Q: 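Sharing a structure with you now.
Being a predicted model, the structure only gives us computed values, none of them experimental. In listed order, ligands and their atoms are each counted from 1.
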Amino acid sequence: MAETVLLVGGGGREHAIARALEGGDCELYACAENRNPGIARLAAGFETLDTTNSSAVTSYAEEVGATLAAIGPEKALESGVADALNEAGVFAFGPSSEAARIETDKAYQRRFMREHEIPGCPEFETFEDTERACEYIDSSDVDLAVKPAGLTGGKGVKVIGDQVTREGAKEYLRENDYDRVVLEERFVGEEFTVQAFVANGSLRVTPAVQDHKRAYEGDEGPNTGGMGSYSDAALELPFMTEEEYREAVRILDATVEALDDYTGVLYGQFMLTADGVKVIEYNARFGDPEAMNTLPVMNTAFLDVLVGAREGEDLPQLSFAPRATVCKYAVPEGYPENPSGGTRIEVDEESVADAAYAAEAEEDGSEARLFYASVDEREDGIYTTTSRAFAVVGIAGTIAEAEAIAEDALSGADEGVRIRHDVGTEALVQKRIDHANELRGE
Ligand code: AMP
Ligand code: GLY
């Protein structure tokens with residue numbers, strides 16, 4: 001084998017990365033806090049360790065003779081795992097802890113945007129004092145998004161006028177007394193994600209994806225890490241124009257230009273508003289679930305991206321199968337607020353296999369895939385943790401077909417887990433289209 005790749009992280013995103021490397025000229029090793037059975041099956045070795053412990057990750061990389069590393073989770077990036085691997089001579093596809101601040105420090109992120117005049121930045125202020133922040137909320141005559149500056153697993157933001165009232169926002173800040181918070185103009189619109197591979201100053205973009213952050217059907221309930229997502233057979237989504245997609249790409253381009261020497265995935269979270277495309281945030285890694293939409297339809301080998309990045313080359317031009325995808329997550333009961341971790345669950349691989357068999361029989365490139373996420377494989381079975389458990393992805397010519405395949409694959413999965421069955425349905429996609437048309441005044 002030409003390369004030995006160490007994959008860091010044990011969620012659905014990392015299972016998708018492992019699948020994207022399968023069949024390439026590389027041997028895979030993986031490390032994570034949980035033993036992800038999907039990744040373990042594809043890897044020559046799997047080590048359970050704390051992925052924020054740089055020296056533990058680096059020791060394992062050296063032990064297995066890794067020539068490349070792909071880092072999934074933001075917490076590992078924040079704690080400097082990419083820096084440590086690079087220092088040890090293992091090329092890490094993932095930004096340094098300093099460069100990852102574009103995600104891990106939302107105050108820095110907004111100041112960076114302002115300083116470099118990156119389009120799509122909201123009006124914002126940063127605060128180190130909770131009472132000052134509360135005064136600002138009282139004095140502001142627009143709705144605000146309240147954001148703790150540090151990482152919160154996608155669950156820390158509260159939007160006034162959407163999830164909380166002004167009073168509720170102040171209560172939230174006083175209860176948590178964060179060290180630093182960002183208060184910014186609330187955007188109203190439709191959210192979407194565009195992920196890009198970045199290395200050696202070049203940038204390669206992937207199709208837009210829409211995630212569903214809210215816990216319950218109909219976009220109700222608290223924010224989660226993401227309950228499911230879809231992408232279309234084109235680069236843009238049904239509620240967007242090609243030009244709106246291109247605007248998001250221009251913003252990513254401007255961001256990469258301003259970032260000094262960034263390596264890894266740059267994830268842009270955008271909001272299509274009445275005023276054009278705005279930036280909700282950046283992430284310094286693949287999205288989870290978005291990686292499960294993107295990597296299965298990428299024709300270009302992910303290994304070629306990793307090797308090109310290491311060799312200082314321009315990254316390969318990417319090609320994608322013209323296929324829509326719908327990803328639905330199964331999460332523990334009570335997730336995200338009171339997740340019932342530590343429960344043994346049956347993951348019905350047979351239903352997925354049957355759905356995959358039926359989809360493939362269509363002979364049009366349709367597929368069904370299962371991705372294990374934050375579950376732990378023990379001797380007597382698979383146990384949930386307090387995070388998302390597993391996901392299925394339907395892949396087909398249209399979103400509606402992909403959605404039907406995902407549902408077919410999930411037919412055996414309901415016990416002990418919760419699923420947002422509305423993700424990717426025609427009704428919900430139409431709601432997005434109507435909303436975007438309304439924003440444009442159409
Ligand atoms: P984040 O943790 O930054 O991904 O934010 C979580 C969610 O909060 C986003 O997916 C949005 O739905 C919402 N959000 C963040 N910033 C804003 C904003 N400026 N306006 C409206 N919603 C926002
Ligand atoms: N899907 C949102 C995230 O990965 O942060």
Side-chain angles (χ1 to χ4, degrees), residues 9 11-14 16-17 72-75 77-78 100 102-110 113 120-126 140 142-164 169 172 178 181-195 208-215 219-231 265-275 277-295 327-329 331 336 371 373-374 387-388 391 420 423 432 435 439:
R13 164 182 52 209
E14 289 78 20
I17 295 173
E74 59 275 22
K75 279 193 178 153
L77 295 168
E78 181 182 45
I102 194 87
E103 165 168 10
T104 61
D105 181 346
K106 286 181 164 58
Y108 167 82
Q109 176 186 108
R110 289 312 192 194
M113 287 189 78
C121 187
E123 294 292 330
F124 72 93
E125 293 284 343
T126 62
S140 168
V142 297
D143 284 340
L144 299 169
V146 177
K147 303 178 150 188
L151 291 176
T152 59
K155 298 159 204 133
V157 175
K158 300 281 178 231
V159 180
I160 298 177
D162 183 20
Q163 298 145 298
V164 289
Y172 172 69
Y178 294 108
V181 292
V182 180
L183 299 183
E184 66 185 36
E185 172 192 357
R186 173 197 177 188
F187 293 134
V188 176
E190 274 304 317
E191 282 184 66
F192 65 96
T193 301
V194 179
Q195 302 160 101
V209 184
Q210 188 175 48
D211 186 14
H212 296 68
K213 305 272 306 173
R214 296 300 192 87
D219 297 319
E220 301 286 341
N223 273 341
T224 67
M227 293 295 297
S229 46
Y230 65 95
S231 63
V265 173
L266 181 67
Y267 164 122
Q269 179 74 30
F270 299 98
M271 180 94 87
L272 176 62
T273 73
D275 236 6
V277 176
K278 305 289 179 186
V279 178
I280 292 290
E281 67 160 348
Y282 300 100
N283 290 329
R285 37 122 191 134
F286 274 121
D288 188 346
E290 290 94 331
M292 292 182 280
N293 300 94
T294 306
L295 289 169
C327 174
K328 302 198 191 206
Y329 248 125
V331 303
F371 293 103
S374 297
S387 195
R388 297 168 291 181
R420 261 192 74 170
V423 172
R432 310 298 193 213
H435 186 205
L439 293 166

Q: In ligand 2, which numbered atoms sit nearer than 4.0 Å to a non-hydrogen atom of Gly287?
A: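 Every atom of ligand 2 under 4.0 Å from some heavy atom of Gly287: 4 (O).
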Q: Only heavy atoms of Met271, strictly under 4.0 Å: list the atoms of ligand 1 that pass.
A: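 Atoms satisfying the 4.0 Å criterion: 21 (C), 22 (N).
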Q: Just which atoms of ligand 2 are under 4.0 Å from any heavy atom in Tyr267?
A: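 By the 4.0 Å cutoff, the relevant atoms are 1 (N), 2 (C), 3 (C).
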Q: For ligand 1, note which part of Asn223 has a heavy atom under 4.0 Å away: side chain, backbone, both or neither.
A: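 Asn223 to ligand 1: side-chain contact only, backbone stays beyond 4.0 Å.
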Q: If you measure from atom 12 (O) of ligand 1 to every heavy atom of Glu191, Glu281, Lys213, which option wins on shortest distance?
A: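 Going through Glu191, Glu281, Lys213 one by one, Glu191 has the nearest heavy atom to atom 12 (O) of ligand 1.
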Q: Do Asn283 and ligand 2 have an N or O pair less than 3.5 Å apart?
A: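 Yes, since at least one N or O of Asn283 sits under 3.5 Å from an N or O of ligand 2.
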Q: Consider every N or O of Glu281 and every N or O of ligand 2, then say whether any pair is closer than 3.5 Å.
A: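 Among all N and O atoms of Glu281, none is under 3.5 Å from an N or O of ligand 2.
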Q: Within ligand 2, which atoms have a heavy atom of Gly225 less than 4.0 Å away?
A: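 Per the distance check, 1 (N), 2 (C).
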Q: Quick one: does ligand 2 sit under 4.0 Å from the side chain of Glu290, the backbone, both or neither, non-hydrogen atoms only?
A: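 Contact part for Glu290 vs ligand 2: side chain (C-beta onward).
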Q: Are any of the heavy atoms in Lys278 under 4.0 Å away from ligand 1?
A: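 It does not; every heavy atom stays at 4.0 Å or beyond.
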Q: Just jot down the ligand 2 atoms closer than 4.0 angstrom to any heavy atom of Asp211, in number order.
A: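 Answer for ligand 2: 1 (N), 2 (C).
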Q: Does the N or O separation between Asp288 and ligand 2 drop below 3.5 Å for any pair?
A: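 Yes, since at least one N or O of Asp288 sits under 3.5 Å from an N or O of ligand 2.
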Q: Should you measure from each heavy atom of Arg285, which atoms of ligand 2 turn up under 4.0 Å away?
A: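 Those of ligand 2 that fall under 4.0 Å from Arg285 are 3 (C), 4 (O), 5 (O).
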